[in-house]
J.: 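Handing you a structure now.
Quantities reported herein were computed from a predicted structural model and do not represent experimental measurements. Only this structure's heavy atoms are used, side chains among them; waters, hydrogens and symmetry mates stay out.
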Amino acid sequence: GGLGTEEDYLSLAQVIDRGNRRGLRRYAGAHRAAAAKHEGEMTRAQVATEARQRFFEALHRERRVALLEAWSVRLDTALTIVARRTASGDAALYDQRRLQRESAVAQGRLATERAARDRALARLRSIANLPAVGTALVLHGEILPDSEPADIALLRERAERRPDLLALKARLQAAQSDRTSAGRWWLPDLRLEGGWKDVNLSQQS
């Protein structure tokens with residue numbers, strides 16, 4: 001138009017978080033990420049622990065089956081000898097019947113333990129991703145360790161490195177940062193702004 005102005009602006013603004021709420025929320029997020037990492041490590045540790053438990057359960061059941069099989073063989077041998085002695089009049093019929101009852105009880109326990117062993121082996125196969133049939137499992141190991149148990153200081157040191165405890169600690173730190181940030185709601189942010197303005201007045205032609 002005949003008269004008018006041209007204005008140019010340049011401004012810079014900076015918001016100052018006086019309560020450090022954004023920083024606290026950032027710290028809380030970092031702690032939650034660390035907690036998720038530790039929880040993943042704990043999940044892997046739980047899977048490994050479950051695998052060890054299933055292995056030693058299967059090993060324990062195999063040992064029990066082997067002992068009961070050996071005991072059943074001894075009872076059968078003794079029963080054969082007593083039956084011969086009873087037939088010849090050197091042993092009472094009561095002894096033969098008592099051994100027959102013991103042999104029947106041993107056979108029943110053996111069948112129970114074999115079923116428990118088969119179940120333990122099936123559980124071990126499932127966690128080890130082995131086929132249910134066609135692959136023989138040969139277990140080697142000792143149920144009780146040969147070494148002495150660790151001292152209290154070593155156990156405490158190992159406990160402090162447990163992933164679940166580390167995850168719990170990280171989540172507590174995240175909650176503390178969130179609480180501190182929420183407690184500073186009353187402290188307003190400070191906004192600093194500066195700039196430049198140019199105005200040109202046009203002339204009438």
J.: Residues two or more places apart in sequence or in another chain: which of them pass side chain to side chain contact (heavy atoms under 4.5 Å, CB included) with Leu93?
T.: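 Scan of Leu93 (side chain to side chain contact (heavy atoms under 4.5 Å, CB included), adjacent residues dropped) gives Thr86, Gln96, Arg97.
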J.: When clusters are formed from ILVMFWY side-chain contacts under 4.5 Å, directly or step by step, what else is grouped with Tyr94?
T.: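 Tyr94 shares its hydrophobic cluster with no other residue.
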J.: Through direct or indirect side-chain contacts below 4.5 angstrom among Ile, Leu, Val, Met, Phe, Trp and Tyr, which residues connect to Leu168?
T.: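 Result for Leu168 is Leu172.
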J.: What's the separation between atom CG in Asp164 and atom NE2 in His38, rounded to the nearest 0.5 Å?
T.: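 NE2 of His38 is found 10.5 Å from CG of Asp164.
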J.: Sequence neighbours left out, what passes side chain to side chain contact (heavy atoms under 4.5 Å, CB included) with Thr49? Give chain and number order.
T.: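 Once residues adjacent in sequence are excluded, the partners of Thr49 under the side chain to side chain contact (heavy atoms under 4.5 Å, CB included) criterion are Arg52, Gln53.
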J.: List for me each residue that meets side chain to side chain contact (heavy atoms under 4.5 Å, CB included) alongside Thr180, sequence neighbours excluded, and say none if there are none.
T.: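 For Thr180, the residues satisfying side chain to side chain contact (heavy atoms under 4.5 Å, CB included) (neighbours in sequence not counted) are Leu24, Gln176, Arg184.
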J.: Could you work out, with side chain to side chain contact (heavy atoms under 4.5 Å, CB included) as the rule, every residue matching Glu160, not counting sequence neighbours?
T.: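 For Glu160 the side chain to side chain contact (heavy atoms under 4.5 Å, CB included) partners, ignoring immediate neighbours, are Arg156.
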J.: Check for a donor-acceptor pair, side chain of Ser181 on one end and backbone N or O of Ser177 on the other, with a separation under 3.5 Å.
T.: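 No; judged by distance alone, with no hydrogens or angles, the pair does not exist.
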J.: Other residues, nucleotides and ligands only: do more than 12 of their heavy atoms fall within 6.0 Å of CH2 on Trp196?
T.: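 More than 12 within 6.0 Å, yes.
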J.: Which hydrophobic side chains are connected to Val82, either touching it within the sub-4.5 Å cutoff or through other members that do?
T.: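 Val82 shares its hydrophobic cluster with Trp71, Leu75, Leu79, Leu99.
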J.: Check whether any side-chain heavy atom of Glu193 lies under 4.5 Å from a side-chain heavy atom of Ser11, and answer yes or no.
T.: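 Yes, close enough: below the 4.5 Å cut-off.
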J.: Can you measure from CZ (Arg98) to CZ (Arg101) and round to the nearest 0.5 angstrom?
T.: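 With rounding to 0.5 Å, CZ (Arg98) is 8.0 Å from CZ (Arg101).
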J.: With the 4.5 Å side-chain cut-off for hydrophobic clustering, are Phe56 and Val65 part of the same group?
T.: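 Different clusters.
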J.: If a pair satisfies salt bridge (charged side-chain N to carboxylate O under 4.0 Å, His left out) and one of its residues is in residues 33-45, list it, with sequence neighbours excluded.
T.: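 Qualifying pairs: Glu39-Arg171.
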J.: Do Tyr9 and Asp198 have side chains that approach each other closer than 4.5 Å (heavy atoms only, starting at C-beta)?
T.: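 A side-chain contact under 4.5 Å is absent here.
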J.: Please report, to 0.1 Å, the donor-acceptor pairs under 3.5 Å made by any side chain of residues 107-124, with sequence neighbours excluded.
T.:
{"unit_1": "Thr112", "atom_1": "OG1", "unit_2": "Gly108", "atom_2": "O", "d": "3.1"}
{"unit_1": "Glu113", "atom_1": "OE1", "unit_2": "Arg61", "atom_2": "NH1", "d": "3.2"}
{"unit_1": "Glu113", "atom_1": "OE1", "unit_2": "Arg64", "atom_2": "NE", "d": "3.2"}
{"unit_1": "Glu113", "atom_1": "OE2", "unit_2": "Arg64", "atom_2": "NE", "d": "3.1"}
{"unit_1": "Glu113", "atom_1": "OE2", "unit_2": "Arg64", "atom_2": "NH2", "d": "3.1"}
{"unit_1": "Arg114", "atom_1": "NH2", "unit_2": "Glu69", "atom_2": "OE2", "d": "3.0"}
{"unit_1": "Arg123", "atom_1": "NH2", "unit_2": "Glu50", "atom_2": "OE2", "d": "3.4"}

J.: Would you name the heavy atoms of Pro188 and Trp186 that are closest together and state the gap between them?
T.: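 Minimum heavy-atom separation between Pro188 and Trp186: CD-O, 3.2 Å.
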J.: Heavy-atom count check: over 12 atoms from other residues, nucleotides or ligands less than 6.0 Å from Phe55 CZ?
T.: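 Yes, the 6.0 Å shell around CZ holds more than 12 heavy atoms from other groups.
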J.: Taking all non-hydrogen atoms of both residues into account, name the closest pair between Asp76 and Ser103 and its distance.
T.: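 So the minimum-distance heavy-atom pair works out to OD1-OG, 3.3 Å.
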J.: Is the shortest side-chain heavy-atom distance between Asp178 and Gln173 below 4.5 Å?
T.: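 Asp178 does not reach Gln173 side chain to side chain.
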J.: Under 4.5 Å side-chain heavy-atom separation, chaining through any Ile, Leu, Val, Met, Phe, Trp or Tyr, what else clusters with Val15? Say none if it is isolated.
T.: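 Listed partners: none, Val15 stands alone.
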J.: I'd like to know if Arg85 pairs up with Asp95 as an ion pair, taking the criterion as any Lys NZ or Arg NE/NH1/NH2 lying under 4.0 Å from an Asp or Glu carboxylate oxygen.
T.: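 No salt bridge links Arg85 with Asp95.
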J.: Locate the shortest heavy-atom distance separating Arg18 from Asp189; write the atom from each residue and the value.
T.: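 Answer, listing the atom of Arg18 first, then Asp189: N-OD1, 4.1 Å.
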J.: For Glu7, check salt bridge (charged side-chain N to carboxylate O under 4.0 Å, His left out) against everything at least two apart and list the hits.
T.: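 By the salt bridge (charged side-chain N to carboxylate O under 4.0 Å, His left out) rule, Glu7 matches no residue at all.
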J.: List in chain and number order the residues that pass side-chain hydrogen bond (donor to acceptor under 3.5 Å, both in side chains) with Arg63, two or more places apart in sequence or in another chain; answer none if no residue qualifies.
T.: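 So Arg63 forms no side-chain hydrogen bond (donor to acceptor under 3.5 Å, both in side chains) with any residue.
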J.: Looking only at heavy atoms, which two atoms of Leu59 and Leu139 are closest? And how far apart?
T.: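 Answer, listing the atom of Leu59 first, then Leu139: N-CD1, 3.7 Å.
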